[in-house]
Structures are given as structure tokens and as C-alpha cells.
Amino acid sequence: MSDLIHVFAGRYAAYILPAWGLSILALAWMTASAVLTAHRWRKAAQARDALSDGDPPL
């Protein structure tokens, strides 16, 4: 396994692989945040629409 890492990332593998791991975590965090925020916005819009009198917005 060690040889594969060195072939893949060279002598900087100790720096590159953790950086990729942190990047993946950051992207996962941002994706989850965006999905949860969109879900909250959708619920709020549905609640607002349920309270309206049924007239379409202009």
C-alpha cells in the first residue's frame, strides 16, 4: 500500500493526501449545507403558500 501511495503522489504524499481528504470533507459539508438550506427554504415557501389566499404572485 505504501508503494502505491508513493507512485500516486510521489514524495509529497504526506501533504497531498490529507489535503485531498480535507477538500473532500469541505465539499461534503458545503453540499450538505446547501441541501439542508434548500429544504428549509422550500418548507418555508410551502408554509407561506398555505397561508396565502390562493392568489398567484405578481
Side-chain angles (χ1 to χ4, degrees):
M1 182 67 169
S2 172
D3 293 334
L4 179 62
I5 291 173
H6 287 292
V7 167
F8 181 66
R11 63 183 188 183
Y12 297 107
Y15 304 104
I16 293 172
L17 296 178
W20 280 2
L22 289 174
S23 297
I24 289 169
L25 287 175
L27 287 171
W29 180 275
M30 289 186 285
T31 302
S33 175
V35 168
L36 291 173
T37 300
H39 180 68
R40 277 187 247 125
W41 285 353
R42 184 176 185 176
K43 284 178 68 174
Q46 288 173 344
R48 187 178 58 242
D49 289 344
L51 293 175
S52 71
D53 58 353
D55 292 335
L58 297 175

Exercise. Do Leu25 and Leu27 sit in the same hydrophobic cluster, where Ile, Leu, Val, Met, Phe, Trp and Tyr count as joined when their side-chain heavy atoms come under 4.5 Å apart?
Worked result: no
Exercise. When clusters are formed by joining ILVMFWY residues with side-chain heavy atoms under 4.5 Å apart, either directly or through shared neighbours, do Leu17 and Tyr12 land in the same one?
Worked result: yes
Exercise. To the nearest 0.5 Å, how far apart are CG in Asp49 and CD in Gln46?
Worked result: 8.0 Å
Give every donor-acceptor pair under 3.5 Å between a side-chain atom in residues 33-43 and any protein atom, sequence neighbours left out.
from, atom 1, to, atom 2, distance (Å)
Thr37, OG1, Ser33, O, 2.8

